[in-house]
Visitor: 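Please find one structure pasted underneath; my questions will follow.
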Amino acid sequence: MQDEYRTVAREGVHETEINRSRFLCTLAPAATEEEAQAVIARVRRAHADATHNCYAYVIGADASVQKAADDGEPGGTAGVPMLQMLLRRDIRYAVAVVTRYYGGVKLGAGGLIRAYGGSVGEALDALGTRTRRRFRLASVTVGHERAGRLQNDLRAAGRTIRDVHYGERVTFDIGLPDAEVDAFRGWLADATAGEAEFRPGGEAYGDA
């Protein structure tokens with residue numbers, strides 16, 4: 001798994017004008033290919049009168065799913081440069097749709113490549129990105145008498161508590177960078193006089 005990746009901070013639209021053609025780049029996060037396709041369909045409905053609605057998306061922290069479409073522009077002049085811009089910026093789990101309203105001036109193949117790729121780059125700059133980092137999921141279990149103190153200690157140590165489960169004992173679900181697991185075990189033993197039970201789990205991504 002990738003240690004980290006970047007994705008779009010929020011859904012939004014950024015518009016540029018090139019030689020009288022309007023280029024509207026819609027960027028949105030997409031956890032799955034189905035979500036990406038839903039965004040594309042929504043933009044196409046909203047801009048059914050546009051000359052072109054080209055798209056590109058990347059799904060998976062390792063970019064395992066990559067799709068692009070030119071929607072009538074000359075082959076390789078729209079979707080591919082959009083996809084290349086997403087990959088160059090290390091963007092994952094995101095979809096870009098560039099809507100073009102033709103302004104009467106032909107841009108040529110090179111101009112189209114710069115326009116479509118540049119629209120995505122400008123939209124990323126305008127809307128912002130966020131970094132997601134790989135974490136080791138883990139659980140920490142203690143008796144009720146120590147739970148309140150440990151919860152405060154975890155927060156004071158900068159650990160994010162993802163969930164809390166109450167039963168015969170109290171279990172806190174947390175996330176840790178892999179490199180910090182051993183150090184955390186030592187800290188936990190000191191903080192609870194060795195009474196806490198630590199269980200490492202699988203992996204997930206969270207905001208860096």
Side-chain angles (χ1 to χ4, degrees), residues 1-135 204-208:
M1 292 176 71
Q2 296 281 110
D3 283 338
E4 65 180 42
Y5 65 86
R6 289 197 292 170
T7 191
V8 297
R10 59 187 175 86
E11 181 171 346
V13 181
H14 179 73
E15 180 174 346
T16 58
E17 185 174 319
I18 302 170
N19 286 349
R20 298 208 300 268
S21 279
R22 292 172 59 212
F23 291 85
L24 290 77
C25 180
T26 300
L27 282 178
T32 64
E33 194 166 5
E34 290 74 21
E35 286 186 17
Q37 290 287 353
V39 172
I40 295 163
R42 175 158 46 84
V43 173
R44 281 178 167 166
R45 285 195 301 272
H47 297 283
D49 59 336
T51 317
H52 306 281
N53 284 292
C54 308
Y55 70 80
Y57 58 81
V58 182
I59 308 297
D62 56 355
S64 57
V65 177
Q66 303 177 23
K67 292 285 177 65
D70 298 313
D71 192 34
E73 292 282 28
T77 62
V80 169
M82 292 167 60
L83 179 62
Q84 288 174 339
M85 181 60 70
L86 292 175
L87 294 172
R88 192 177 305 140
R89 296 288 192 93
D90 293 324
I91 301 298
R92 306 288 188 264
Y93 292 108
V95 56
V97 185
V98 175
T99 300
R100 183 189 183 189
Y101 286 91
Y102 182 56
V105 179
K106 291 186 177 181
L107 301 182
L112 288 172
I113 290 169
R114 288 189 295 274
Y116 279 98
S119 292
V120 174
E122 289 186 23
L124 288 169
D125 291 339
L127 298 172
T129 62
R130 59 191 179 121
T131 299
R132 305 273 288 170
R133 189 164 293 152
R134 184 163 56 94
F135 286 93
Y205 286 91
D207 289 336

Visitor: What pair of heavy atoms forms the shortest contact from Leu86 to Ala56, and how long is it?
Guide: CD1-O, 3.9 Å

Visitor: Once side-chain hydrogen bond (donor to acceptor under 3.5 Å, both in side chains) is applied, what residue pairs with a partner in residues 106-117 remain, sequence neighbours excluded?
Guide: Glu73-Tyr116

Visitor: Nearest 0.5 angstrom please: Met82 CE to Thr77 OG1, how far?
Guide: 11.0 Å

Visitor: Check Tyr205 against Arg132 and note the closest heavy-atom contact, atom names and distance.
Guide: O-NH2, 3.2 Å

Visitor: Can you name the nearest heavy-atom pair linking Val120 to Cys25, along with the distance?
Guide: CA-SG, 3.9 Å

Visitor: Report yes if some heavy atom in the side chain of Arg88 is under 4.5 Å from a heavy atom in the side chain of Leu83; otherwise report no.
Guide: no

Visitor: Evaluate the side-chain proximity of Tyr93 to Val58: yes if any heavy-atom separation is below 4.5 Å, no if none is.
Guide: no

Visitor: Could you check whether Asp62 and Tyr5, counting side-chain N and O atoms only, form a donor-acceptor pair closer than 3.5 Å?
Guide: no

Visitor: Do Ser119 and His14 have side-chain heavy atoms sitting under 4.5 Å apart?
Guide: no

Visitor: Can you check whether Tyr57 reaches Ile40 side chain to side chain, under 4.5 Å on heavy atoms?
Guide: yes

Visitor: For Val43, which of Val98, Leu24, Asn53 qualifies under side-chain contact (heavy atoms from CB on, under 4.5 Å)?
Guide: Asn53

Visitor: Closest approach of Gly76 and Ile113, non-hydrogen atoms and distance?
Guide: O-CG1, 4.0 Å

Visitor: Of the non-hydrogen atoms in Leu127 and Val13, which two are nearest, and what is the gap between them?
Guide: CD1-N, 4.2 Å

Visitor: Quick one: are Thr26 and His47 in side-chain contact, heavy atoms under 4.5 Å?
Guide: no

Visitor: How close do Arg130 and Val8 get, heavy atom to heavy atom, and via which atoms?
Guide: NE-O, 3.9 Å

